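Below, all heavy atoms of this structure are taken into account, side chains as well, without hydrogens, waters or symmetry copies. The model shown is predicted, which means the values in this text are computed figures rather than measured ones.
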Amino acid sequence: MMHKRWSWLLALIILFSFPVTAFASDGSAVDSGDTGFVILSAALVLLMTPGLALFYGGMVRKKNVLSTLMHSWSIMGIVSIQWILFGFSLAFGADHWNIIGSLDWLGLSGVGQNPDPNYAATIPALVFMAFQLMFAIITAALISGSIAERMRFSAFLLFVIFWTTLVYDPLAHWVWGTGGFLRNLGALDFAGGTVVHISSGFSGLIAALILGKRKGHGSEPMLPHHVPMTVLGAGLLWFGWFGFNAGSALGANGLAGVAFVTTNTSAAAGALAWLLVEWLHRKQPTILGAASGAVAGLVAITPAAGFVTPLASIVIGLIGGSLSYGAVSILKQKLGYDDALDAFGCHGVGGTWGALATGIFATKSVNPAGADGLLYGNPAQLGIQASAVLVTIVFSVLATFIILKGINLVIKLRASEEEEDLGLDLTMHGEEAYRGLIGNASTAPSVFKAEHLAINPALVGNHTNI
Amino acid sequence: MMHKRWSWLLALIILFSFPVTAFASDGSAVDSGDTGFVILSAALVLLMTPGLALFYGGMVRKKNVLSTLMHSWSIMGIVSIQWILFGFSLAFGADHWNIIGSLDWLGLSGVGQNPDPNYAATIPALVFMAFQLMFAIITAALISGSIAERMRFSAFLLFVIFWTTLVYDPLAHWVWGTGGFLRNLGALDFAGGTVVHISSGFSGLIAALILGKRKGHGSEPMLPHHVPMTVLGAGLLWFGWFGFNAGSALGANGLAGVAFVTTNTSAAAGALAWLLVEWLHRKQPTILGAASGAVAGLVAITPAAGFVTPLASIVIGLIGGSLSYGAVSILKQKLGYDDALDAFGCHGVGGTWGALATGIFATKSVNPAGADGLLYGNPAQLGIQASAVLVTIVFSVLATFIILKGINLVIKLRASEEEEDLGLDLTMHGEEAYRGLIGNASTAPSVFKAEHLAINPALVGNHTNI
Amino acid sequence: MMHKRWSWLLALIILFSFPVTAFASDGSAVDSGDTGFVILSAALVLLMTPGLALFYGGMVRKKNVLSTLMHSWSIMGIVSIQWILFGFSLAFGADHWNIIGSLDWLGLSGVGQNPDPNYAATIPALVFMAFQLMFAIITAALISGSIAERMRFSAFLLFVIFWTTLVYDPLAHWVWGTGGFLRNLGALDFAGGTVVHISSGFSGLIAALILGKRKGHGSEPMLPHHVPMTVLGAGLLWFGWFGFNAGSALGANGLAGVAFVTTNTSAAAGALAWLLVEWLHRKQPTILGAASGAVAGLVAITPAAGFVTPLASIVIGLIGGSLSYGAVSILKQKLGYDDALDAFGCHGVGGTWGALATGIFATKSVNPAGADGLLYGNPAQLGIQASAVLVTIVFSVLATFIILKGINLVIKLRASEEEEDLGLDLTMHGEEAYRGLIGNASTAPSVFKAEHLAINPALVGNHTNI
Amino acid sequence: MKKIEATIRPGKLDEVKEALNKSGINGLTVMQVIGHGKQKGHTQVYRGQEYSVYLLPKVKIEVVVRDELVEVVTGIIADAARTGQIGDGKIFVSTVEDVVRIRTGERGETAL
Amino acid sequence: MKKIEATIRPGKLDEVKEALNKSGINGLTVMQVIGHGKQKGHTQVYRGQEYSVYLLPKVKIEVVVRDELVEVVTGIIADAARTGQIGDGKIFVSTVEDVVRIRTGERGETAL
Amino acid sequence: MKKIEATIRPGKLDEVKEALNKSGINGLTVMQVIGHGKQKGHTQVYRGQEYSVYLLPKVKIEVVVRDELVEVVTGIIADAARTGQIGDGKIFVSTVEDVVRIRTGERGETAL
Ligand SMILES: Nc1ncnc2c1ncn2[C@@H]1O[C@H](COP(=O)(O)OP(=O)(O)O)[C@@H](O)[C@H]1O
Ligand SMILES: Nc1ncnc2c1ncn2[C@@H]1O[C@H](COP(=O)(O)OP(=O)(O)O)[C@@H](O)[C@H]1O
Ligand SMILES: Nc1ncnc2c1ncn2[C@@H]1O[C@H](COP(=O)(O)OP(=O)(O)O)[C@@H](O)[C@H]1O
């Protein structure tokens, strides 16, 4: 007890020994319009993760909806703390060897209310940090779509911590950090085609392959248990994506306006493309298709949002939606992997297309700080983009493989067959999502518990085995 | 194959031959505060449409919820593209004969990062365009409430394209476009009482009459299948409406503050009015009534939001809520039309009241750029408002009638009796919204499909018949 | 009839005799960036109340979900009007005896488009008023969690009107109003730890005690009927809380950035803390726990958001989440009160901790306008905070007790046993939340009504007895 | 006494109930089921994959009546539930030996 | 063996189950139904229109027991489910000819 | 004719239905139930409170067949539904006296 109290005190002292000088603002270069815009954009991007939770949650079977929500929510908890403690420093701190940030900003030491002109000259450095945090959160959450309905929760938590630190933070540094080698190369990624979507999509694919198929995959149908929940989630994603892409202008200006317009346009084009292809292919245009296509369009425009014209964004969205449909409907069935909620089909494929499309459609007439693409006489940019894509894929795939295999040495990744049968909600979290009239009566307060435990401790024991 | 590739190339060349000069901003007059505010307001207005989808989706029967969501979502796809290609130009392009915009801005050519002082001097023209787009989307989506649960999806899509082009775009030009004849007349419509609500409400009424009643209407009850979904939708609508009305100040200023306050106040007053009237009339105050009343109050204040005092907005909301209750509870039953989700009762009636109320309560002390209304010594304004209302009603009704009759010459508007019985989710979209424990097991992957098709191709054939 | 018409006219004349001079802005000191930020923050805070409705609604039994939604929604109606008519004036009007605001601003007379430098020098006074309104709304709504599933609706409405006027308005004046005695004392409350959370939490506790336990409490389980609805609500709360806390900087500046970061961090830490403690204590980490812990973390940081460092917010969130878990899981069971949805456990306990934590962790290096806390060498601040907490608790408890006992003299507070059995949705509001395939067929339009009424008027009569 | 169990189309519940009511049959219990008979299912599509549904939603009605009413009641139900299309459903009749009215404790036919 | 089917108020399920448990009756199956008997429905209001609900939510319990237990079990259920108000529900008793315990393949009374 | 009622694990519905289909048994009705037998429930946690669930989700299948098929069909169901663990469920067999095919009005065994 004594001991515990002391260690608390120690922790507190360490916490507050961080220099706080220059934390408060002298207000010099901060622009209130830009700052308000980026703060609220960060809020919109945060909302995307609960939105994603619903988007994914509606698509799983009833017995796994809570475990699916839990994926996104636990990431909101973990990555928010990781980022503040060291993640932001790794990603955006002073460069080492063009590969990783320094540890100077541990615990946000030195990240204060004044702008950091290296990244955004008119908003507080803290606001830039917060905005970037939201990207780190959603990226990890996207992966959870691939491993839904079968991964053990404790293994998932470990995976998130390692993946964010060893994959996301370096990648963000390479592409966006001052000194990052992909940034130096001239790779364009306005809001995260490589960093967010390719990395999560390909990592998801590998994770799905390592975990293996869900029990019954291929023989039993595994259909969405609540399509309106998925549609609601897609609506929140579309909304939040304005923060994601327009906010990436890091100021409330014309460029943010362009990114807003290309984002909306590509989402619309993606939805229409999916509907049309589905209509031709399966004779039925579905609302799940409309929502999926919109997300595919949003993914595809992400790296290009601030570099291309609105008309180009129509093409990017149409192709993005069609490619994702193909990946999900044909490729997945052909290859037989069980990417449960299509993190790869939507984000891996759409992100790759978007990164390449940026190399095709980018034009300095939209963003003088960008570059011209293939169609504007600069085929080299497409090559640069392709390199960045390749590097991202290879790195994500390898690192995810190593992380998962490493975790597997310590604890089991996969739920048992019985746990899958009963559902992860009950077996990992001891909860049920919905409870009707008689559902309530089917349960007894814990006073009855003892006798049950006495009779079958094994079963109850299982539950702690997360 | 060869041919296809060429046509793609051709399309691309056409796309990029649009002049892009002056697309990038010189940053001259752009105010970051105003720009950030309008961009985020546009995001809020976009969110209203997925919100409306839920508001409507909760009110239909379980078998039609996805088709109802699909109405709003397909409009998000179609109108976003239409607006960029030509809709914005028709509505806000250089005036022709005070009736329609020019085609100068096809494909957003000339709509760039610099402000267009004709409309908003401190925000990029692209941002103004995007903000206005969101209004075009939600207006078409509102109509879908009237024709829910019985319109064929392909007919609906055609209707949306024609209605937005032939009704919304001209109306927006008349009321808001420079040179528009209702604007020249001095009609006040802050955020779309005529353009958005009267047009959609009356068009919905006509559409409901042309389509006819739902099968079983009057004998079977047709009650909301998911009231909390409707309440969630209403919450998103209330939230988004701040973007709609306050954003219509096109700047983050005192006027936006007034519009924010009147909007919230009228929503509250509308909710209270509905609850009270219902309590007196039916002895029960319902949550569906609270949500409906809030929407009625929001509709009523829309044209007045930036012209009236907060106290006046209480009166506008109270009367708006009461009138909509009367329309929905008494008028509809008396006249016997089947306006399924009360697009007319809420938007047609509320919008008409709001447009007239603007002529009563408007005061230059709130908005010097506006006008004084009846209560401030200028009865003429009420006359002008009445004229604008009348023009809008007559035009919407006639044009909607012609469009639907025209479509009907080509394809059937109405689902078959069997399709209505089974529900549009299954017959139009091949989907089911909810799937419980045994629901999943009731379905087989497509491997089993062939035999079923072999036995009863007719039934399956039906499904493609959208 | 004649009489009625005259009273209307009279009301109108009174309404418009309020001076409107100086209502329009001269635009002098208004900053567009700050204004846009606070307007949109107010919108975010408004959204918290429909979010709270879902957060609470998912946790009650199926038969009470609509009545729970109704609590929040009716408050959105009532408090919005109360605030405009006199609430804002009572809370923020010119001070009387350091205890209450004057009535100068009745009906917002004198609250216009120009800033009021006493509160916020760069945004219109109307915008400040609107932002503060949203706090008044959510505070009352929080209390409803304590009395869910058993309070009669009419008694609830009366309670809301009195509580907001007699408890919230004075408290807001004491802590935030110029001249308020707690403000004069130097108590720090950045965004409402005392005013919002302690007041609602302790008032809820007293209300729960006065109303008594739900029928069957302790013997029957009373479990959430829709956990994903609760998780959705928590997501909207987290999102809206950025408006709540960052918006409380009343400008888009570095301080808003700090508040944003501390808010997100504490939410994350609260969620993690709850999960961990639950995992240790009950062997299962639940999604309901993650959502509850996030809310607990958000509550705890609220008074401190603009006064402490991000690292301190980790500690505040961790302790906040753990304390709330303890209150809800252990304290509540021990003491046996039926705080149905834990308004006390989350808001009372978390708010108290947050207010004290502000006295521990506050530092002028973050906010020079604040104060240093215990850890920065100023133990006196902790004493001040403790006094403010004490005053708030004593006042809330006493006032709530008196209000409820007073209402009880006039009408019954508590639903009858039969009403509780059937559920408040049906008996208070005549509605059912969900309706499946056969649910629809189980109902007949009102044409059949007469005969039923004839047979058993008593039962139907009951329903009007709200 | 006989128990009459009818599995019918969900859309027909209203008409069947009305028809029973008119004939003075008031006691009935209804539940939601899914079933398969000669009727074929629908095709559904999820993310480009096709599925066929072979268990279709039906409604099951249970009415317990005195022996002499069996013919009448099955007739009423069959007439009201008929569309003439495959999938109209089936009626099963079986014997019930005793009935208790819980409220009063009455037994046998008078308890119906 | 006899099958005892009791349609009761949803709120009584807990008490009935407890009472059965105490008497050593463990096997039972429960389902959600809606029903109509002598009990009258409620009025509901949607957008100002009134509707009356005539099928009310009930819970149906099925217990299969050895013949000699029929009287005891119906008694237990009836006592636990009774409120004395209209709508308490009914119990029906019928014959079951055979039982199979799926797990073991056992037949007849020992399989219960 | 006999009515075969089988209460099985939800996850086994698919296999049981396939097995019946293969043997040419097409008519069946399925409903969702919760039940209690020898199988013990799970522990659930809500805001730090523990609850145990004693009624577990099951699926009930009803198949009415000609008398001579009873043995075959109960065998098929039992085999397909068996896991060997507690909770596999029970099959009850009882007599059905008459059947009506609603669509045609046919009676008796030909109506099955
Ligand atoms: N032998 C049976 N046992 C149990 N239920 C049956 C049986 N045959 C049919 N049913 C039920 O009746 C419903 C309608 O049967 P179906 O054969 O489609 O109609 P029809 O009688 O018009 O041929 C099925 O969905 C199923 O629920
Ligand atoms: N003849 C019947 N056949 C089938 N179910 C019945 C019958 N009579 C009553 N029930 C069921 O019993 C429930 C309660 O019956 P009711 O007549 O309201 O109660 P009471 O027995 O107190 O008069 C009904 O809702 C219905 O589900
Ligand atoms: N006597 C009974 N009456 C009605 N249903 C029963 C009876 N016994 C068992 N059941 C049903 O069968 C299910 C499985 O029974 P259980 O005893 O758990 O399995 P097992 O047969 O393997 O011991 C129960 O959940 C319940 O629905």
Which of C/His281, C/Met59, C/Lys332, C/Glu278 touches chain F most, by non-hydrogen pairs under 4.5 Å: C/Met59
C/Glu417, CD atom: more than 12 neighbouring heavy atoms under 6.0 Å: no
Can you classify the ring geometry of C/Trp274 versus C/Tyr325 as parallel (below 30°), tilted (30 to 60°) or perpendicular (above 60°)? perpendicular
Which atoms of C/Thr286 approach chain F - backbone, side chain, both or neither, heavy atom under 4.5 Å: side chain
Any ion pair linking F/Asp88 and F/Arg9 (charged N to carboxylate O, less than 4.0 Å)? yes
Greatest number of non-hydrogen atom pairs under 4.5 angstrom with chain F, of C/Leu288, C/Val227, C/Val277, falls to C/Leu288
Can you tell me how far the CZ atom of C/Arg414 sits from the NZ atom of C/Lys215, to the nearest 0.5 Å? 10.0 Å
